[in-house]
Amino acid sequence: MAWYDEFVERWRPPRGWRDTFEPAARRVEQSPADTESWCDIIMLLGDTRATEFALLACLRARALGADQARLSPHLHLCLLDLGLASASGPVPLRDPASAMTTDDAALAAWAREHLAPFDGDLGRALTFILELTRSKLA
């Protein structure tokens, strides 16, 4: 059983997100470093409690050259939510990294585990996530 089976079975993002997701997904397919579109997709995933998917999308967007400063709040909120980072106090949304400590070893292990079903290929993982999201919003 893969870690994502529960999402396949139970994740139900509200269909109202379709109007945000579809144009964003088309734009990242055409222009892979489109930061605004990645942020829209990541927001949808995070706001619908698919934080694991959101973090993988952050990592993919970062690898494709999207604007690091704009991705940082999304990335760091995912890390906090998944327990891969900690903060000793309030986390400012504009610069969350300044108030957080990321457990790099835990993040690396998490990424290995979550990418294993995709043979370690972040691109394949995101293709799966985008296709699943598209089907759930149909």
Which atom of [X] lies closest to which atom of [Y], heavy atoms considered:
{"X": "Arg134", "Y": "Ala25", "answer": "NH2-CB, 3.3 Å"}
{"X": "Pro92", "Y": "Ser98", "answer": "CG-OG, 3.9 Å"}
{"X": "Cys58", "Y": "Cys78", "answer": "SG-SG, 4.3 Å"}
{"X": "Leu80", "Y": "Ala85", "answer": "CD2-O, 3.6 Å"}
{"X": "Ala138", "Y": "Arg18", "answer": "C-NH2, 4.1 Å"}
{"X": "Leu130", "Y": "Phe21", "answer": "O-CZ, 3.6 Å"}

Mind checking the [atom1]-[atom2] spacing from [X] to [Y]? Nearest 0.5 Å is all I need.
{"X": "Asp81", "Y": "Thr51", "atom1": "CG", "atom2": "OG1", "answer": "4.0 Å"}
{"X": "Leu71", "Y": "Arg62", "atom1": "CG", "atom2": "CZ", "answer": "8.5 Å"}
{"X": "Leu79", "Y": "Trp110", "atom1": "CG", "atom2": "CH2", "answer": "8.5 Å"}
{"X": "Trp3", "Y": "Glu113", "atom1": "CH2", "atom2": "CD", "answer": "9.0 Å"}
{"X": "Leu45", "Y": "Leu132", "atom1": "CG", "atom2": "CG", "answer": "9.5 Å"}

Does some side-chain heavy atom of [Y] sit less than 4.5 Å from a side-chain heavy atom of [X]?
{"X": "Met1", "Y": "Glu6", "value": "no"}
{"X": "Arg27", "Y": "Asp40", "value": "yes"}
{"X": "Leu56", "Y": "Leu115", "value": "yes"}
{"X": "Ile129", "Y": "Ile41", "value": "no"}

| said: Could you walk me through whether Leu84 and Leu55 satisfy the side-chain contact (heavy atoms from CB on, under 4.5 Å) test, starting with their C-alpha distance in whole Å, then the side-chain angles of each, then the deciding distance to 0.1 Å, before giving a yes or no? | reply: CA-CA 11 Å; Leu84 300 170; Leu55 180 53; 3.8 Å; yes
Are any side-chain N or O atoms of [X] and backbone N or O atoms of [Y], one a donor and one an acceptor, separated by less than 3.5 Å?
{"X": "Thr35", "Y": "Asp67", "answer": "yes"}
{"X": "Ser72", "Y": "Gln68", "answer": "no"}
{"X": "Trp38", "Y": "Ala24", "answer": "no"}

| task | Output all residues satisfying side-chain contact (heavy atoms from CB on, under 4.5 Å) with Asp47, sequence neighbours left out; order by chain, then residue number. | result |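 For Asp47, the residues satisfying side-chain contact (heavy atoms from CB on, under 4.5 Å) (neighbours in sequence not counted) are Trp17, Met43.
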| field | With Pro13 via side-chain contact (heavy atoms from CB on, under 4.5 Å) - residues at least two apart | value | Trp11, Thr48, Lys136, Leu137
| Co-membership, hydrophobic cluster, residues Leu77 and Leu75, 4.5 Å side-chain |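 The answer is no; the residues belong to distinct hydrophobic clusters.
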| query | For residues 67-101, which residue pairs qualify under ring pair (Phe, Tyr, Trp, His ring centres under 6.0 Å), counting only residues two or more places apart or in two chains? | reply |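 Every pair satisfying ring pair (Phe, Tyr, Trp, His ring centres under 6.0 Å) with a residue in residues 67-101: there are none.
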| query | Crowded around Arg49 CZ? As in, over 12 foreign heavy atoms under 6.0 Å? | reply |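 No - once you tally the heavy atoms of other residues, nucleotides and ligands closer than 6.0 Å, there are 12 at most.
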| task | Give a yes or no on this: more than 12 heavy atoms of other residues, nucleotides or ligands lie within 6.0 Å of atom CD of Glu29. | result | yes
| said: side-chain contact (heavy atoms from CB on, under 4.5 Å), that's the test. Do Thr127 and Asp121 meet it? Break it down for me. | reply: CA-CA 10 Å; Thr127 297; Asp121 188 326; over 6 Å; no
| message | I want to know whether Phe118 and Tyr4 have ring centres closer than 6.0 Å. | response | yes
| query | Is the Phe7 ring parallel, tilted or perpendicular to the Phe53 ring (thresholds 30°, 60°)? | reply | tilted
